[in-house]
Protein chains: 6
Amino acid sequence: MTQEHQMTGESRLERGRRALAEIDGQAGENVVAALADIAPDFATYLLEFPFGDIYSRPGLDLRAREIATIAALTAMGTAAPQLKVHIEAGLNVGLSREEITEIMMQMAVYAGFPSALNGLSAAKEVFGKRDVLPLTM
Amino acid sequence: MTQEHQMTGESRLERGRRALAEIDGQAGENVVAALADIAPDFATYLLEFPFGDIYSRPGLDLRAREIATIAALTAMGTAAPQLKVHIEAGLNVGLSREEITEIMMQMAVYAGFPSALNGLSAAKEVFGKRDVLPLTM
Amino acid sequence: MTQEHQMTGESRLERGRRALAEIDGQAGENVVAALADIAPDFATYLLEFPFGDIYSRPGLDLRAREIATIAALTAMGTAAPQLKVHIEAGLNVGLSREEITEIMMQMAVYAGFPSALNGLSAAKEVFGKRDVLPLTM
Amino acid sequence: MTQEHQMTGESRLERGRRALAEIDGQAGENVVAALADIAPDFATYLLEFPFGDIYSRPGLDLRAREIATIAALTAMGTAAPQLKVHIEAGLNVGLSREEITEIMMQMAVYAGFPSALNGLSAAKEVFGKRDVLPLTM
Amino acid sequence: MTQEHQMTGESRLERGRRALAEIDGQAGENVVAALADIAPDFATYLLEFPFGDIYSRPGLDLRAREIATIAALTAMGTAAPQLKVHIEAGLNVGLSREEITEIMMQMAVYAGFPSALNGLSAAKEVFGKRDVLPLTM
Amino acid sequence: MTQEHQMTGESRLERGRRALAEIDGQAGENVVAALADIAPDFATYLLEFPFGDIYSRPGLDLRAREIATIAALTAMGTAAPQLKVHIEAGLNVGLSREEITEIMMQMAVYAGFPSALNGLSAAKEVFGKRDVLPLTM
């Protein structure tokens, strides 16, 4: 798989940039921009490893990958800004609002009711913002 | 939805027992049995809420639910026995071994390389046990 | 115990609603209300399992249960809104302010000084709000 | 309070040693002994701060303190050896086995079912060991 | 070591106050002041154990101690206010801004990209505040 | 920096392999070998990102990097096997045993006494193994 990518001639950075745009949309661009003056190399790593390497792998589709990410970030409870980005990302790659809230309710079982409640609260905020946008992204 | 279940006449406990058998198989039965002499009511709650309520909801299929659970337990890193049960459960509801290892690799991004390595180590153990069984469960 | 409850004829939902009102007061009502438009079934689960099942069990009094919850949420450090609700709840079921701050100081031993400091900061906020209310709830 | 202690003439170390013996019994002595060749000063700190300072404070009785500690360690899920010591400690200061298992079941609400299951499993092990001892400690 | 300190005649509280001033500067004073009306004894413990005992030990210099603290708080992700205090502290004891951002980038490996991103975001805020001060502390 | 590396002509994988050998020694090789039959691509990522990218950066020396890693893994408490590898790594890059135990004692302040105790217990095991080897690695 790693080999296969090398054969397309596309660099990890280019592949990562493309994957980030598809998955996280504007929210992802904002994260990269915010890193420019404090840790620009970290923006490169973020594009290369998570997006260029992991999300670009063929063994699991993007829908399944966002289910995994939303579940993990909800359960961990330590990454509120990233959870909001990935609620957006989930919608971007085809998850319905109902599916996202189902994932969060399920996390009550594994990480407790507070993590589910805080996840639902983040979802409410993200859904609400998209409702008032002229065009959903 | 809650209403719908009440109309089938099947109790939460019966529904939970059926869901547990389908999802966790023998490993789930073992958990329930282990609770008998220390906290039998908790076995009832485990059947009723996670399995009778959450896993029985129609909004997300069992394959997606196990992706979420495997991701969360790998990221949390505090639930080794439950992670092994859900690697089994993932295979039971149709996830491939490759899909399970993809989820774990992805967790390196969100919860660090140690959580991914410990998840892969658990998967290796579960896959290995199934290989030596006369019949996979 | 489960049986005993069934015999009173009171449903888990009714019992949970009564326990929530007694323990969390208005703060608990607010959580349930906030779920109405995003995940109404989850409000039902929240009333049924934590309050209708767990807090309604006779084996541990409400004072002891709130000590456990305040300790756990302070130590976890991932559930700030819920910690505030349970500082209120602790006062509602008879814990003194001093007892609540003692629990938080003790958490420095088990989860580190930051978790204790953040717990004390939440307590300061909740106590301060009650001081300016015309009637404590 | 700090002043009061200073007036008894008992040092923090002496007070801590006495509190440790009362609360943790032999299990506490074993922890102190295990530190002797790797970090003897840390054994001193352990006696002085948690036991000489915190557990010796009058604002919360030992029963309540052990409820808090057992809840926190069960919820955290990262301190299995210490949880077992404090299940013993809980029994030493007057908690019943039923009360301890109630605390653990309640943690399912705040930290998820796996943390409760792992806590119950630790309790089962500790209770089992005490059953086969000629004299409970 | 403990003995050595006792021989200087300086109390743990005095030694802790001196260490806190050197390491955390004004931010540390603020924490102590904020505890005055809710838990004054805890301010004493904070000065005595972390600063009077641990940071005053000769086996590791303050630069190394702040590397350890910044790394741990970034990885834990549950102590945002304390992380900011220790980014200041790191600068106070001689770490460069670059070294602090390197520590945070490294935490992506051990605790995931969100913890590194949230750490970098805290660093950006602290660095920015110092840039607008008439005199950096 | 990223550019500088590209100019040496050494690939991230080669650079990572060299850094892993220098830092983690045989323990690192064992981790890579264990991944061969379950997730060989993940062994590549592990060499490339943590070791080829992060540990190869010039902004922080290896001694400081291991202080950060040992602190973080001790505080997290969810990565026992990786903590042991990095206690070895710390010794490999020049940390003394005393410095490693100082880091762990300090973690009592930030993540609680159990995390420090479990870290010291891991250190005791690693130090003990090296004492009985004919040649320290």
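In what follows, chains carry the letters A, B, and so on, assigned in the order in which the sequence lines appear, proteins first and then strands, with residues in each chain numbered from 1.
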Check your understanding: Do you know the tightest heavy-atom contact between Gly59(D) and Glu99(C)?
Key -> O-CG, 3.6 Å
Exercise for review: Let me know if Arg65(D) has heavy atoms under 4.5 Å from chain C in its side chain, its backbone, both or neither.
Suggested key: both
Point to revise | Side chain / backbone / both / neither for Ile103(D) at chain C, heavy atoms under 4.5 Å | key: both
Check your understanding: Going through the distances and angles, do Gln106(D) and Arg57(C) end up as a side chain to side chain contact (heavy atoms under 4.5 Å, CB included)?
Key -> CA-CA 10 Å; Gln106(D) 187 174 326; Arg57(C) 292 174 62 84; over 6 Å; no
Exercise for review: Pick one of side chain, backbone, both or neither for Phe49(D), based on which atoms fall under 4.5 Å of a heavy atom in chain C.
Suggested key: side chain
Review point. Would one find more than 12 heavy atoms of other residues, nucleotides or ligands at under 6.0 Å from atom CZ of Arg12(D)?
Key: yes
Check your understanding: Hey, which of Thr78(D), Thr101(D), Leu46(D), Val109(D) has the most heavy atom pairs under 4.5 Å with chain C?
Key -> Val109(D)
Exercise for review: Can you see which heavy atom on Ala75(C) is nearest to which on Met76(D), and at what distance?
Suggested key: CB-SD, 4.0 Å
Practice item. Mind checking the OH-CD spacing from Tyr55(D) to Glu102(C)? Nearest 0.5 Å is all I need. Key: 12.0 Å
Study note, to complete from the structure: So OG1 of Thr69(C) and CD1 of Ile67(D): to nearest 0.5 Å the spacing works out to 11.0 Å
